*Asks:* 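The structure follows.
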Amino acid sequence: MTTICLLPGDGIGAEVIPTTAEILDTLDLGLNTEIHPVGWRCFQETGNALPESTIAAIERCSVALFGATSSPSGGAPGYSSPILDLRQKLNLYANLRPACSMPVTTSQANIDILIVRENTEGLYIRNERWTDRDSTIAERRITRKACERIARIAAEKAQQRRGILTIAHKANVLTVSDGLFRDTVRETVKTYAPEIRIEERLVDALAHDLVRTPENFDVIVAPNLYGDILSDIASALVGGLGVAPSANIGDNHAIYEPVHGSAPDIAGKGIANPIAAMLSLGMALSDIGHNAAAEQLREALSATLESGIYTPDLGGTSTTAEILKDVQERLS
Ligand code: NAI
Ligand code: MG
């Protein structure tokens, strides 16, 4: 029996994940769900933001759907972001972040981009420290092994898409670490999928082109931090964080999650856009073999948006519950 592990977390995570779980009921695919605690509230209640029982559940279930968690901006002793920890613990080395045009006025047309973000290294190893009371150092790790495995995933995705792969790097400044990233990705893709057209761009120029000519991009592969930033830019071109899904993929586990955070500014108001979480569920369903249901879900979401039913972040007036109701009606 396939089981989906639901990890709502904090803020709007606890709104969009239960909402998305209702879609799963409507689709009636015979999938089980389990709900497990994670995040800041869990930390305040139990002293642990990522309980062992939650990790065990994710490992036991086929896939997990994560909402978002809050992190206090100044940090808190003993607290660290559960999703960052999960990416490390479960070796979820590839973060797939698609950005596709949406049928809303806040989205540009003709955009179909997949950002493949390295998910375990770079600056996100969080190896930073004070060297004296006025100075800090943050280390950044790039390894050949991680570059090779992210390159293979990016190549596979490019093969399934339009066959163009752009490598984001800053090897003119970070000649050693970004040099290793660029060269390893290029060599791996050349060997693994020689038919793919490889392009490489300095990440700042790429950010510019992403805004100016987004229709020219197919797959972009990037080290962790660049991929994080580029994917938020890409999401802004198609309607914003409320419609940006993602998948954290490893060899043995996968966690799907909307790109957005816990959005404390709108939490509890009933207006969180559930589309990013629902599209994340769609990615999960495709990956566990429910392609038809995933396609049906994507079509229903598009139809709902086309009919003018959308939340305030997209310029609409509908609530989370109204989106759910409309999507459910289209699915049944
Ligand atoms: P955020 O993504 O939560 O919000 C940024 C802006 O986008 C806000 O104005 C918010 O209202 C809006 N927004 C985001 N998702 C939306 C949705 N589904 N519907 C409508 N509007 C939406 O990022 P922010 O404000 O930087 O961080 C807030 C908290 O979330 C922080 O504690 C941060 O650490 C955490 N965070 C957690 C993430 C995760 O768990 N994966 C990722 C990013 C941030
Ligand atoms: Mg981000």
Side-chain angles (χ1 to χ4, degrees), residues 84 87-99 111-128 137-235 246-252 254 259:
L84 294 185
R87 289 167 183 162
Q88 300 287 349
K89 273 188 206 305
L90 303 179
N91 205 12
L92 306 175
Y93 56 82
N95 193 327
L96 310 181
R97 295 185 160 190
I111 297 177
D112 182 4
I113 299 170
L114 177 67
I115 293 179
V116 179
R117 163 187 174 192
E118 201 293 318
N119 218 19
T120 55
E121 305 195 321
L123 276 169
Y124 285 62
I125 59 170
R126 291 173 289 178
N127 204 349
E128 44 166 14
I137 291 247
E139 284 176 339
R140 179 173 192 269
R141 180 188 303 131
I142 304 271
T143 64
R144 194 181 304 279
K145 182 177 170 207
C147 297
E148 284 170 354
R149 65 189 182 190
I150 199 74
R152 279 196 296 273
I153 293 237
E156 273 165 28
K157 295 294 166 188
Q159 280 175 323
Q160 293 157 9
R161 295 167 50 99
R162 302 194 298 284
I164 309 166
L165 179 65
T166 307
I167 307 172
H169 65 87
K170 191 74 185 171
N172 58 334
V173 177
L174 298 167
T175 52
V176 176
S177 53
D178 269 5
L180 178 64
F181 183 84
R182 179 196 56 190
D183 296 346
T184 308
V185 171
R186 183 180 269 287
E187 286 312 310
T188 306
V189 174
K190 252 205 253 170
T191 314
Y192 184 82
E195 74 280 13
I196 286 173
R197 190 168 108 211
I198 305 172
E199 302 189 335
E200 57 168 83
R201 301 287 282 134
L202 296 176
V203 64
D204 44 350
L206 199 164
H208 169 273
D209 291 355
L210 195 53
V211 172
R212 288 294 287 272
T213 52
E215 64 282 357
N216 290 349
F217 291 96
D218 181 13
V219 180
I220 297 171
V221 61
N224 207 334
L225 176 64
Y226 306 158
D228 195 8
I229 298 170
L230 292 174
S231 57
D232 276 25
I233 297 177
S235 84
S246 74
N248 299 277
I249 305 286
D251 289 330
N252 302 309
V259 172

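We're numbering straight along the sequence, starting at 1. The structure displayed is predicted, hence computed values, not measured ones.
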*Asks:* With distance as the sole test, does D218 use its side chain to make a donor-acceptor pair with the main-chain N or O of R162 at under 3.5 Å?
*Replies:*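 Pair found, side chain donor or acceptor close to backbone of R162.
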
*Asks:* Just do the side-chain contact (heavy atoms from CB on, under 4.5 Å) check on V219 and R161 with the steps written out, would you?
*Replies:* CA-CA 8 Å; V219 180; R161 295 167 50 99; 3.7 Å; yes

*Asks:* Run I249 and L92 through side-chain contact (heavy atoms from CB on, under 4.5 Å) and show every step you take.
*Replies:* CA-CA 5 Å; I249 305 286; L92 306 175; over 6 Å; no

*Asks:* Determine the minimum heavy-atom distance between L180 and C147, stating which atoms define it.
*Replies:*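 Of all heavy-atom pairs spanning L180 and C147, the closest is O-SG, 4.3 Å.
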
*Asks:* Would you check if there is a donor-acceptor pair between the side chains of Q88 and T120 at a distance under 3.5 Å?
*Replies:*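 Per modelled atom types, T120 and Q88 side chains form no pair under 3.5 Å.
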
*Asks:* Please determine whether a side-chain nitrogen of the Lys or Arg among K190 and E187 lies less than 4.0 Å from a carboxylate oxygen of the Asp or Glu.
*Replies:* yes

*Asks:* Ignoring hydrogens and geometry beyond distance, is a side-chain donor-acceptor pair present between Y192 and E156 at under 3.5 Å?
*Replies:* yes

*Asks:* Is there a side-chain contact between R201 and H169 (heavy atoms, below 4.5 Å)?
*Replies:*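 A side-chain contact under 4.5 Å is absent here.
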
*Asks:* Which heavy atom of I113 sits nearest a heavy atom of P214, and at what distance?
*Replies:* CD1-O, 3.6 Å

*Asks:* Got a donor-acceptor contact below 3.5 angstrom from the E199 side chain to the I164 backbone?
*Replies:*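 A pair under 3.5 Å: no.
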
*Asks:* Any chance you could lay out the salt bridge (charged side-chain N to carboxylate O under 4.0 Å, His left out) test for R140 and D178, step after step, and finish with the verdict?
*Replies:* CA-CA 10 Å; R140 179 173 192 269; D178 269 5; 2.7 Å; yes

*Asks:* Is it true that atom CZ of R144 has more than 12 heavy atoms of other residues, nucleotides or ligands lying nearer than 6.0 Å?
*Replies:* no

*Asks:* Examine distances only and state if a side-chain atom of R97 and a backbone atom of A247 form a donor-acceptor pair shorter than 3.5 Å.
*Replies:* no

*Asks:* V221 and side-chain contact (heavy atoms from CB on, under 4.5 Å): which partner among I167, L114, V189?
*Replies:*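 The option that passes is I167.
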
*Asks:* How long is the straight-line distance from CD1 of I111 back to OG of S235, given to the nearest 0.5 Å?
*Replies:*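 Rounded to the nearest 0.5 Å, the OG-CD1 separation comes out at 10.5 Å.
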
*Asks:* Any luck finding a side-chain donor-acceptor pair between T175 and R182 under 3.5 Å?
*Replies:*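 No donor-acceptor contact under 3.5 Å links the two side chains.
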
*Asks:* Going by atom types only, do Y93 and N248 share a side-chain donor-acceptor pair under 3.5 Å?
*Replies:* no

*Asks:* If you round to the nearest 0.5 Å, how far is CD of E121 from CZ of F181?
*Replies:* 9.5 Å

*Asks:* Nearest heavy-atom pair of A168 and I220: which atoms, and what distance?
*Replies:*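 That would be CB-CG2, 4.3 Å.
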
*Asks:* How many angstroms lie between CG in L84 and CG in N119, if you round to the nearest 0.5 Å?
*Replies:*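 Rounded to the nearest 0.5 Å, the CG-CG separation comes to 8.5 Å.
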
*Asks:* Any cation-pi pair here, R117 with Y124, using under 6.0 Å and within 45°?
*Replies:*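 That pair qualifies as a cation-pi contact.
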
*Asks:* How far apart are the closest heavy atoms of P223 and I142, and which atoms are they?
*Replies:*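 Minimum heavy-atom contact is CB-CD1, 4.3 Å.
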
*Asks:* For E200 and T166, what are the C-alpha separation, side-chain angles and deciding distance, and is it a side-chain contact (heavy atoms from CB on, under 4.5 Å)?
*Replies:* CA-CA 5 Å; E200 57 168 83; T166 307; over 6 Å; no

*Asks:* For a side-chain contact (heavy atoms from CB on, under 4.5 Å) check, start with the C-alpha distance between L230 and V203, then their side-chain angles and the critical distance, and finish with the verdict.
*Replies:* CA-CA 9 Å; L230 292 174; V203 64; 4.1 Å; yes

*Asks:* Do the side-chain N and O atoms of N216 and D209 include a donor-acceptor pair separated by under 3.5 angstrom?
*Replies:*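 No donor-acceptor contact under 3.5 Å links the two side chains.
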
*Asks:* Indicate whether any N or O donor in one side chain lies under 3.5 Å from an N or O acceptor in the other, for T213 and E215.
*Replies:*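 No donor-acceptor contact under 3.5 Å links the two side chains.
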
